[in-house]
Amino acid sequence: MIRVDGRTLRCADVVTAAATEGPLETDVSIAALRGAEHAWKLAEDLSTRRIVYGRTTGVGANKDDVVTGEDPVEHGRRLLRSHAGGSGDTMPRGQVRAMMLIRLNQLLAGRSGASPALIGALATAVKTGALPLVHRFGAIGTGDLAPLAETALALTGERPWVRGAVPPVPVHAGDALAFMSSNAATLAEATLAAMRLDTLTRASHAVAALTYIALDGNPEAYATPVHEARPHAGQVACAAEMRRLLGMHGTPRPGRRIQDPFGLRAFPQVQGPALDAIHYLRDVLAVEVNASTENPMISTVHGDAYHHAHFHTAYVSTALDQARATVHQVAELSVARLGDLLEPEFTGLRPFLAAGPAGSSGLMILEYVAHDALTELRQAALPATLGTAVVSRGIEDHASFSTQAARAGTAAAAAYQQVLACELVAAVRALRIRKAELVDLPVRDAYAAASAVLDPCLDDRPLTEDIAHAVEILDVLARI
């Protein structure tokens with residue numbers, strides 16, 4: 001049951017909504033609905049006494065065009081129709097479900113001035129699993145106007161549904177901008193990407209620990225005194241997790257080398273910034289999915305409307321850029337460890353962990369796959385915030401591009417899991433060949449889980465299914 005009250009929605013709830021096909025169990029706060037209704041009544045009253053952007057005026061560069069002599073309801077319909085110009089592929093269904101939940105929660109914060117009828121229709125759609133047809137392109141990080149206009153028109157019966165439907169509701173005066181003024185679609189994709197990256201970074205501890213055992217790593221790199229000397233939170237947490245997984249209590253046995261390659265030795269120092277960046281990103285998103293971003297903001301406490309720029313998502317875009325950049329560095333270490341696993345100098349085994357006749361290729365192809373994925377990740381890690389846009393006749397002269405940063409986050413997660421899967425396949429094979437003893441180590445659970453899904457055959461053969469199974473088991477490894 002997901003509580004929807006405008007204050008307490010969690011990133012995990014967004015993931016649940018995205019993954020739920022069909023009806024979604026939600027508990028919509030009655031008190032929040034009443035608060036939203038009070039804001040609607042106040043907005044209606046204010047519109048008769050003062051200029052309110054988007055209600056008594058046009059939008060964007062038309063902000064000074066006062067709407068006179070026209071039915072306010074018809075003005076709202078025109079705004080929705082003119083902004084429902086999304087393009088390209090349709091938005092993935094999971095993202096649409098997440099977007100609708102986030103938008104419903106934001107509206108229940110009670111500062112939009114949207115009508116109870118429109119909010120209620122959205123709540124019904126979320127609860128029943130109805131999905132409107134929404135396109136992917138149409139936002140630059142200053143409000144997801146196109147996808148939300150398409151959603152609103154579906155609720156009013158003017159646009160199609162791809163799954164289910166709800167009884168159409170009328171557009172009330174002021175509904176248009178009140179509903180569109182949000183980044184819910186961007187926040188949906190950003191949240192799903194952030195949570196996936198969080199899972200993958202947690203799984204990477206177990207993958208790196210298996211590689212450590214296969215390579216007879218040196219435990220000094222993870223020792224408590226080392227990380228007490230430079231106590232960055234993420235770095236300390238990573239080292240502690242490695243000690244836990246590897247059962248490092250007291251004085252551990254020495255490794256094969258006095259110093260390991262950076263893939264093992266610098267893992268806490270590189271993984272730490274990624275852990276910190278993803279933690280910060282989740283904190284930012286936790287604020288955003290419960291935030292009132294509608295412009296203007298209708299304040300029932302102060303009895304007035306406030307014009308502002310909460311629709312600008314610089315916090316989101318910069319946090320996403322930082323997270324992708326740090327994850328890229330972690331992925332580079334994973335690819336480096338994969339190379340070490342295929343090198344006899346580090347394992348004492350045959351090149352490429354081959355087991356057939358002389359000249360057998362073993363896992364040679366994994367390096368090519370991993371570097372291909374790493375290149376994809378490198379492209380996805382490029383900052384989205386370095387560009388800008390000037391639109392609407394120069395009135396809107398900056399953009400955060402959080403929408404594009406979120407899309408890049410999705411791509412980064414997809415590439416990173418391929419990299420980790422390649423390392424995992426190699427680590428498990430090396431441990432199988434060595435018949436490594438893991439009985440007393442917590443990481444044995446990770447080895448058992450991976451071994452259960454990875455083909456034990458050591459012959460030269462296609463590795464496509466091995467990589468796919470390794471990707472699937474990463475979620476399990478993240479919980480070990």
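Residue numbers run from 1 in the order of the sequence given.
Shown here is E376, whose CD atom has no more than 12 heavy atoms of other residues, nucleotides or ligands within 6.0 Å. Atom NE2 of H135 sits in a crowded spot, with more than 12 heavy atoms from other residues, nucleotides or ligands closer than 6.0 Å. Other residues, nucleotides and ligands place more than 12 heavy atoms under 6.0 Å from the CZ atom of R50. Annotation: Y315, atom OH; neighbour count of heavy atoms from other residues, nucleotides and ligands within 6.0 Å does not exceed 12. Around the CZ atom of R393, the shell of radius 6.0 Å holds no more than 12 heavy atoms that belong to other residues, nucleotides or ligands. Within 6.0 Å of CG on L42 lie more than 12 heavy atoms contributed by other residues, nucleotides or ligands.
Going from atom CD of Q95 over to atom CD1 of I102 covers 9.0 Å, rounded to the nearest 0.5 Å. To the nearest 0.5 Å, the span separating NE2 on H310 from OG1 on T142 amounts to 15.5 Å. One finds the CG atom of L386 at 7.0 Å from the CG atom of D321 (value rounded to the nearest 0.5 Å). With values rounded to the nearest 0.5 angstrom, F401 atom CZ is found 10.5 Å from T313 atom OG1. In this structure, L104 CG and I119 CD1 are separated by 8.0 Å, a value rounded to the nearest 0.5 Å. In this structure, CZ on R93 lies 14.0 Å from OG1 on T20, to the nearest 0.5 angstrom.
The side chain to side chain donor-acceptor pair (under 3.5 Å) search around D276 returns none, not counting sequence neighbours. A search for ring pair (Phe, Tyr, Trp, His ring centres under 6.0 Å) contacts involving H307 returns nothing, not counting sequence neighbours.
No donor-acceptor pair closer than 3.5 Å links the side chain of E150 to the backbone N or O of R159. Remark: the backbone N or O of S115 is paired with a side-chain donor or acceptor of D175 at under 3.5 angstrom. A donor-acceptor pair is defined here as one N or O able to donate and one able to accept, closer than 3.5 Å; no such pair exists between the side chain of K127 and the backbone of E25. When atom types are taken as modelled, the side chain of R324 and the backbone of L382 share a donor-acceptor pair closer than 3.5 angstrom. Remark: the backbone N or O of G263 is paired with a side-chain donor or acceptor of R337 at under 3.5 angstrom. Side-chain atoms of S451 do not come within 3.5 Å of backbone N or O of A448 as any donor-acceptor pair. Distance alone, capped at 3.5 Å, places no donor-acceptor pair between the Q271 side chain and the V330 backbone. Between the side chain of R78 and the backbone N or O of H75, no donor-acceptor pair lies under 3.5 Å. A distance-only check finds no donor-acceptor pair linking the side chain of R378 to the backbone of H328 [under 3.5 Å].
A salt bridge is defined here as a Lys NZ or Arg NE, NH1 or NH2 lying under 4.0 Å from an Asp or Glu carboxylate O, and D27 with R3 meets this definition. A salt bridge does not link R479 with D475: none of the charged nitrogens is closer than 4.0 Å to a carboxylate oxygen. With respect to D45 and K41, no salt bridge is recorded, no charged nitrogen being found less than 4.0 Å from a carboxylate O. For the pair E21 and R97, the salt-bridge criterion is met [side-chain N within less than 4.0 Å of a carboxylate O].
Ring geometry for H205 against F267 counts as perpendicular: the plane angle is over 60°, on a 0 to 90° scale with 30° as the lower cut.
The shortest side-chain heavy-atom distance between R407 and F137 falls under the 4.5 Å cut-off. Counting only heavy atoms from C-beta outward, the side chains of L122 and L107 approach each other to under 4.5 Å. With contacts defined as side-chain heavy-atom distances shorter than 4.5 Å, the pair E288/N183 does not qualify. Within the 4.5 Å cutoff, side-chain heavy atoms of Y416 are placed close to those of S204. Put simply, the side chain of M195 does not reach to within 4.5 Å of the side chain of V14, judged on heavy atoms. Counting heavy atoms from C-beta outward, R81 and L153 have side chains that approach closer than 4.5 Å. When side chains are defined from C-beta on, E37 does not count as touching L33, because their heavy atoms never get closer than 4.5 Å. Between D13 and T8, the closest side-chain pair of non-hydrogen atoms is not below 4.5 Å.
Between L338 and C422, the shortest heavy-atom distance links the atoms CD1-O, 3.8 Å. The minimum heavy-atom distance between R111 and S292, with the atom names listed, is NH1-OG, 2.9 Å. Closest approach of A18 to L192, counting heavy atoms only: CB-CD2, 3.6 Å. Heavy-atom minimum distance, I298 versus A305: CD1-CB, 3.8 Å. Considering all non-hydrogen atoms of both residues, A130 and V166 come closest at CB-CG1, 4.3 Å. Counting all heavy atoms, side chain and backbone alike, P442 lies closest to I480 at O-CG2, 4.2 Å.
Between T224 and R243, the side chains place a donor N or O and an acceptor N or O closer than 3.5 Å (distance only, hydrogens not considered). Defined by atom type and a distance below 3.5 Å, a donor-acceptor pair is missing between the side-chain atoms of S181 and N295. Donor-acceptor pairing under 3.5 Å is lacking for the side chains of S317 and S402. Inspection of the S182 and E294 side chains reveals no N or O donor paired with an N or O acceptor under 3.5 Å.
Among V428, L477, L200, the one residue that satisfies the side chain to side chain contact (heavy atoms under 4.5 Å, CB included) test with V207 is L477. When each of D5, N290, V28 is tested with L108 by the rule side chain to side chain contact (heavy atoms under 4.5 Å, CB included), just one qualifies, namely V28.
Pairs of residues two or more places apart, or lying in two chains, that qualify as ring-ring contact (aromatic ring centres under 6.0 Å, His included) and include a residue from residues 21-42 are W40-H172.
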(Q) Please evaluate residues H83 and V59 with respect to the criterion side chain to side chain contact (heavy atoms under 4.5 Å, CB included), reporting the C-alpha separation (whole Å), side-chain torsions for both, the decisive distance (0.1 Å), and the verdict. (A) CA-CA 11 Å; H83 284 74; V59 297; 3.8 Å; yes
Query raised in the report: After noting the C-alpha distance and the side-chain angles of R136 and T90, does the key distance pass the side chain to side chain contact (heavy atoms under 4.5 Å, CB included) rule?
Result: CA-CA 5 Å; R136 184 165 175 261; T90 55; over 6 Å; no
Exercise for the section: Please lay out, stage by stage, how Q417 and R196 fare under the test side chain to side chain donor-acceptor pair (under 3.5 Å). Expected result: CA-CA 9 Å; Q417 68 185 12; R196 186 60 187 158; 2.9 Å; yes
Evaluate the side chain to side chain donor-acceptor pair (under 3.5 Å) criterion for residues D65 and T57: first the C-alpha distance (whole Å), next the side-chain angles of each, then the deciding distance (0.1 Å), finally the verdict. CA-CA 5 Å; D65 293 345; T57 73; over 6 Å; no
After noting the C-alpha distance and the side-chain angles of S299 and D304, does the key distance pass the side chain to side chain donor-acceptor pair (under 3.5 Å) rule? CA-CA 6 Å; S299 174; D304 208 347; over 6 Å; no
_Quick one, D144 with T186, criterion side chain to side chain donor-acceptor pair (under 3.5 Å). Give me CA distance, side-chain angles, the key distance, then yes/no._
CA-CA 7 Å; D144 294 329; T186 295; 2.9 Å; yes
Under the side chain to side chain contact (heavy atoms under 4.5 Å, CB included) criterion, do V419 and V335 qualify, and how do the steps go? CA-CA 7 Å; V419 171; V335 172; 3.7 Å; yes
